[in-house]
Amino acid sequence: MFGAGNQGRSGSRRARLRRAAAFALVGAVMTGAAACGGDGATDGDKGGNDARTDGKAPASTSAEDADAAEDADESAASAGSGESGSPGISGGSGALSQRDLTALAFTDGEKIGKYTAGEFSLGEPQGEDYTADPATCQPLVSLAKGTTAFDPASEVHRNVDVAEEMVGTTVAVQLRSYNGGGAAGVMKALGAAGKACAGGFVENRAVAKGQYLKVEPVKAPDHGDEAQAYRFTILDVKGTLKLYEYLTVVRSGATTLSFRADILDTKDIGKVPEEVITAQWKKFEAASTR
């Protein structure tokens, strides 16, 4: 969150400038750990007190995660049955290889309307250092390996933004493929988190915290076997400004396509840009016809 998509493309001067802008505009948000959970709590200040001392959420600490894991095998059988509308390449219960998954993702420099895709130069966005308090909310923060009960066997991450804009909408596009019923289990845990955490939660990082005030379901795209979409309202460190972020996750068989959009501003962008979701889905779906 908070500009996670602005880590930029490798060797890009514009990316370095955007990172500088991010620090200037959002630095206060990310460094105000005390203020986010202080006396000026809002209705969304409902973070629990059971976080681990090492800052990482346990792999499965909630009843929702346990239920999702329990249902994983059944979901795997369904995913591999060939009865769904999933692309053939992801229709089985086995995960795609890193090579195959990479081939389905945006390439460095690929154009999507006014947007340009690129590789992250500073590592995976929303990585394992992003955790939620309470842990039930973890799927809303990060689906990285080690953060939930379901570890992806392969994953690819792309940054999508407008090359000419130093401060503008960015989208972190993340493809993850799972063995067994992992992908379906992730979606079930995500849905449970969307309901349980509607009133807010705390996002923890290594050196900072962020207060989510509200989690709202929004219209999801009609792609894959299932899809979910959410709007997040996030409080700034001073407790006066509200920031907005959007998350859309689509599952097709054993693979999930995640889109997290934000902007370095208080502007509400309204949704994840449809052209980005559509372009990535079409590229993914086309693999079934090869």
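When side chains are defined from C-beta on, L143 counts as touching T148, because their heavy atoms get closer than 4.5 Å. Within the 4.5 Å cutoff, the side chain of T255 has heavy atoms near those of the L96 side chain. Proximity of V173 to V276: side-chain heavy atoms (C-beta onward) are separated by under 4.5 Å at one or more points. Between V171 and P273, some side-chain heavy-atom pair lies under the 4.5 Å cut-off. Counting only heavy atoms from C-beta outward, the side chains of Y244 and T233 approach each other to under 4.5 Å. Counting heavy atoms from C-beta on, the side chains of K282 and T278 come closer than 4.5 Å. Between L257 and W281 the shortest side-chain heavy-atom distance falls below 4.5 Å. Looking only at side-chain heavy atoms (C-beta outward), E155 and H157 come within less than 4.5 Å of each other.
Considering only residues two or more places apart in sequence or on other chains, F232 meets the ring-ring contact (aromatic ring centres under 6.0 Å, His included) condition with Y212. Under the side-chain contact (heavy atoms from CB on, under 4.5 Å) criterion, A105 pairs with V156, R158, L175, Q280, sequence neighbours left out. In this view, S154 and Q98, L101, S177 satisfy the side-chain contact (heavy atoms from CB on, under 4.5 Å) rule, not counting sequence neighbours.
Across I112 and A279, no two heavy atoms sit closer than the pair CG2-CB, 3.5 Å. Closest approach of P134 and F201 over heavy atoms only: CD-CB, 4.1 Å. A227 and V250 get closest at one heavy-atom pair: CB-CG2, 4.0 Å. Pairing each heavy atom of N204 with each of D133, the nearest pair is ND2-CB, 3.5 Å. Closest non-hydrogen pair, G253 versus A183, comes out as O-CB, 3.6 Å. The two residues C197 and L140 have their closest heavy-atom pair at CB-CD1, 3.9 Å.
Judged by distance alone, the side chain of T147 and the main-chain N or O of A144 form a donor-acceptor pair under 3.5 Å. Within the 3.5 Å criterion, the main-chain N or O of Y130 finds a donor-acceptor partner in the side chain of Q138. Looking at D151, its side chain does come within 3.5 Å of a backbone N or O of G146 through a donor-acceptor pair. Side-chain N or O atoms of N179 include one that pairs as donor or acceptor with a backbone N or O of A95 at under 3.5 Å. Formation of a donor-acceptor pair under 3.5 Å by the D100 side chain with backbone atoms of L104 is not found in this model.
Note that the CD1 atom of I234 and the CG atom of L243 stand 6.0 Å from one another [nearest 0.5 Å]. Distance CD/Q228 to OG/S258: 11.0 Å, rounded to 0.5 Å. Expressed to the nearest 0.5 Å, how far CG of L235 lies from NZ of K214 amounts to 12.5 Å. Atom-to-atom distance recorded for E203:CD and C137:SG is 11.0 Å, nearest 0.5 angstrom. Rounding to the nearest 0.5 angstrom, the gap separating the OG1 atom in T248 from the OH atom in Y230 is 10.0 Å. Between the CD1 atom of I263 and the OH atom of Y246 there is a distance of 11.5 Å, given to the nearest 0.5 Å.
R260 and E245 are joined by a salt bridge, as a carboxylate oxygen and a charged side-chain nitrogen come within less than 4.0 angstrom of each other. Salt bridge annotation for R251-D225: present, with a cationic side-chain nitrogen under 4.0 angstrom from a carboxylate oxygen. Contact check on K242 versus D268 returns no salt bridge, with no Lys/Arg side-chain nitrogen under 4.0 Å from an Asp/Glu carboxylate oxygen.
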Kindly indicate, with the supporting measurements, whether the criterion side-chain contact (heavy atoms from CB on, under 4.5 Å) is fulfilled by M187 and V249.
CA-CA 8 Å; M187 297 300 289; V249 183; 3.6 Å; yes
Given E164 and K114, is the salt bridge (Lys or Arg N to Asp or Glu O under 4.0 Å) satisfied, shown in steps?
CA-CA 9 Å; E164 295 77 20; K114 68 178 182 178; over 6 Å; no
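Residues E110 and T107 bring a donor and an acceptor atom of their side chains to less than 3.5 Å of each other. Side-chain N/O atoms of T170 and D262 include a donor and acceptor closer than 3.5 Å.
Enclosure of atom CD in E274 is not indicated, since only 12 or fewer non-hydrogen atoms of other residues, nucleotides or ligands lie within 6.0 angstrom.
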